[in-house]
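Heavy atoms only: backbone and side chains are in, while hydrogens, waters and symmetry mates are out.
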Amino acid sequence: IARVGSVFVLLATIYVFSVSVIIPFSQQIAFGKFGKVSSAQELEKLFDRATSVDTPQQADIRRSIVEMLRGFGVIQNPLGRPFFARALTALEESVAKNPDDITVSTVLLESYIDFGEYDKSYYLKAKILSEDMINRAPNVYRTQLYLALVLTELGRFAEAKTVVDSVTKSFPNSARANVYFAYIAMKMNGDPREYLSRCSASLDVQKSTFEKRDFKILLNMFFAEKMSGEFDTALKYAIESYPNEKYFYQIGFASYVLQKNVELLENLFAKLKKTSYAASLPISKWSELLAARNWDLLSKEEFISDTFGKYSVL
């Protein structure tokens with residue numbers, strides 16, 4: 001019961017945050033009429049009404065809900081995934097009504113990819129949607145790279161490589177394309193280091209073109225391949241571009257604990273203190289453990305345990 005309650009508290013927080021901060025004023029009106037939340041049942045009703053609200057901004061409201069659920073990490077919690085799935089169903093209806101809205105379609109596509117990590121059937125949905133988006137807007141190469149990623153996750157490596165090859169014809173020196181070439185190679189149990197080196201060589205010039213997902217994949221590979229210098233540079237650019245993205249701090253924390261690099265950890269903690277969620281983290285405790293050079297306890301911190309679990313580098 002406590003675990004279920006925590007999910008409802010999280011979603012209630014999302015609602016309050018959405019009304020006061022994220023959603024534009026025109027959409028606040030649509031949300032505001034639903035009143036206060038005092039129980040789990042009321043929260044479910046609020047969620048249902050918010051995703052089904054019939055206003056000219058319906059698609060934007062649904063998109064905002066999905067983006068907030070993703071941003072707050074609801075998808076990582078098994079108890080929160082049903083809400084996420086219901087929000088996606090509502091967004092699917094909006095995309096079906098206006099398939100040429102690239103912004104809403106992209107949010108749905110990215111959400112499918114996120115959910116695919118927990119339910120592989122969403123990768124198939126992502127494949128179908130990305131192919132449709134490419135047919136409608138063939139020159140949006142971000143969508144092509146998403147298709148390549150999905151095909152890679154589905155084990156269709158030759159097709160994925162063909163898609164990335166098509167991107168390089170238009171962008172022959174694309175650092176992002178080399179990220180996905182490297183990812184395909186890694187998934188095929190090959191050596192991604194040549195592609196990673198190419199990416200690293202042009203990252204300084206092209207870092208502004210990288211999206212969060214590109215940086216995540218790149219950092220994962222640098223971490224797994226123990227390319228520490230390249231990792232440090234990529235992490236610096238990633239945090240500069242997305243200073244509130246928690247995953248960048250998690251993988252940085254893990255990498256620097258492995259390296260036992262005091263200076264880089266101190267710098268990372270200083271940046272982490274400036275994030276919007278810093279108050280919820282035991283940064284002072286970490287700093288004390290670091291001052292005591294207690295690497296064993298630092299490596300067991302819950303904040304980075306998933307990162308250590310994902311890669312057999314310890």
Side-chain angles (χ1 to χ4, degrees), residues 2-3 6 10 13 70-78 114 117 175 179 182-183 186 189 191-197 199-201 203-204 207 210-314:
R3 291 179 64 204
S6 68
L10 174 61
T13 303
R70 288 172 60 200
F72 278 87
V74 170
I75 192 173
Q76 278 81 40
N77 188 324
D114 288 346
E117 185 174 342
V179 170
Y183 191 60
M186 176 176 280
N189 297 317
D191 186 356
R193 295 175 73 91
E194 178 183 351
Y195 295 115
L196 290 174
S197 295
C199 176
S200 183
L203 185 58
D204 181 55
K207 59 181 181 288
F210 272 57
E211 298 182 16
K212 273 192 271 190
R213 193 179 306 277
D214 304 322
F215 275 125
K216 286 182 180 180
I217 295 172
L218 182 61
L219 288 167
N220 289 345
M221 289 188 289
F222 280 150
F223 184 60
E225 294 296 314
K226 301 180 183 178
M227 298 172 68
S228 58
E230 292 85 349
F231 176 93
D232 297 344
T233 300
L235 182 63
K236 174 178 177 290
Y237 294 149
I239 291 176
E240 286 175 354
S241 300
Y242 303 98
N244 272 305
E245 177 53 49
K246 186 178 292 186
Y247 184 74
F248 296 151
Y249 297 97
Q250 290 174 314
I251 197 168
F253 192 154
S255 177
Y256 298 151
V257 167
L258 282 173
Q259 297 176 39
K260 297 185 178 180
N261 193 314
V262 175
E263 181 180 356
L264 290 178
L265 274 171
E266 287 176 341
N267 290 337
L268 190 71
F269 292 165
K271 293 175 182 177
L272 196 51
K273 288 178 181 178
K274 298 177 182 179
T275 62
S276 59
Y277 46 85
S280 67
L281 299 175
I283 301 176
S284 296
K285 170 191 171 185
W286 297 340
S287 296
E288 291 174 4
L289 291 174
L290 179 61
R293 304 299 191 267
N294 196 328
W295 302 109
D296 181 58
L297 287 183
L298 280 169
S299 69
K300 294 176 181 177
E301 282 296 312
E302 184 179 358
F303 187 70
I304 58 172
S305 60
D306 288 344
T307 305
F308 279 151
K310 190 172 183 179
Y311 301 102
S312 56
V313 293
L314 291 180

Quick one: does Asp214's side chain have a donor or acceptor within less than 3.5 Å of a partner on Glu211's backbone?
-> yes
Closest non-hydrogen atom pair, Leu219 against Ala238 | CD1-CB, 4.1 Å
Measure across Glu225 and Arg193 and return the closest heavy-atom pair with its distance rounded to 0.1 Å.
-> O-NH1, 3.0 Å
Side chains of Phe210 and Leu218: does their closest heavy-atom pair fall under 4.5 Å?
-> yes
Counterpart residues, side chain to side chain contact (heavy atoms under 4.5 Å, CB included), relative to Lys285 (two or more places apart) | Pro282, Leu289, Glu301
Heavy-atom closest pair, residues Val179 and Cys199 = CG2-SG, 3.6 Å
Are the side chains of Ser228 and Gln259 in touch, meaning some heavy atoms are under 4.5 Å apart?
-> yes
By side chain to side chain contact (heavy atoms under 4.5 Å, CB included), Ser200 pairs with (sequence neighbours left out) Phe222, Glu230
Pairwise distance CG(Asn261) to CG(Leu290) - rounded to 0.5 angstrom | 9.5 Å
Contacts of Ser276 meeting side chain to side chain donor-acceptor pair (under 3.5 Å) (sequence neighbours excluded), chain-then-number -> Asn244
Can you tell me how far the OG atom of Ser284 sits from the NZ atom of Lys273, to the nearest 0.5 Å?
-> 6.0 Å
Might you point out which heavy atoms bring Leu235 and Phe248 nearest each other, and give the distance in Å?
-> CD1-O, 3.3 Å
Inter-residue atom distance Thr233.OG1 - Lys207.NZ, 0.5 Å rounding = 10.5 Å
Would you call Asp204 and Lys236 a salt bridge, using N to O less than 4.0 angstrom?
-> no
Could you go through residues 262-271 and list every donor-acceptor pair under 3.5 Å that involves a side-chain atom there, pairing it with any protein atom two or more places apart or in another chain?
{"unit_1": "Asn267", "atom_1": "ND2", "unit_2": "Glu263", "atom_2": "O", "d": "3.4"}

Looking at Tyr247 and Asn220, what are the two nearest heavy atoms and their distance?
-> OH-OD1, 2.5 Å
Spacing of Tyr256 atom OH and Ile251 atom CD1 [to the nearest 0.5 Å] | 10.0 Å
Side chain to side chain contact (heavy atoms under 4.5 Å, CB included) involving Lys246 - partner list, sequence neighbours excluded | Gln250, Tyr277, Phe303
If every non-hydrogen atom of Ala182 is compared with every non-hydrogen atom of Pro192, which pair is closest and at what distance?
-> O-CB, 3.3 Å
Might you work through the side chain to side chain contact (heavy atoms under 4.5 Å, CB included) test for Asp114 and Arg213, ending with a clear yes or no?
-> CA-CA 10 Å; Asp114 288 346; Arg213 193 179 306 277; 3.2 Å; yes
Residue pair Glu245, Lys216: steps toward the salt bridge (charged side-chain N to carboxylate O under 4.0 Å, His left out) verdict | CA-CA 10 Å; Glu245 177 53 49; Lys216 286 182 180 180; 3.5 Å; yes
For Leu272 and Trp286, run side chain to side chain contact (heavy atoms under 4.5 Å, CB included): C-alpha distance rounded to whole Å, both residues' side-chain angles, the deciding distance at 0.1 Å, then the answer.
-> CA-CA 12 Å; Leu272 196 51; Trp286 297 340; 3.6 Å; yes
Reported CZ-to-NZ distance for the pair Arg293 and Lys260, which is rounded to 0.5 angstrom = 11.5 Å
Should the ring pair Phe215 and Tyr242 be called parallel, tilted or perpendicular, given that the plane angle runs from 0 to 90° and is split at 30 and 60?
-> perpendicular
Quick one: list whatever passes side chain to side chain contact (heavy atoms under 4.5 Å, CB included) with Asn189, sequence neighbours left out.
-> none
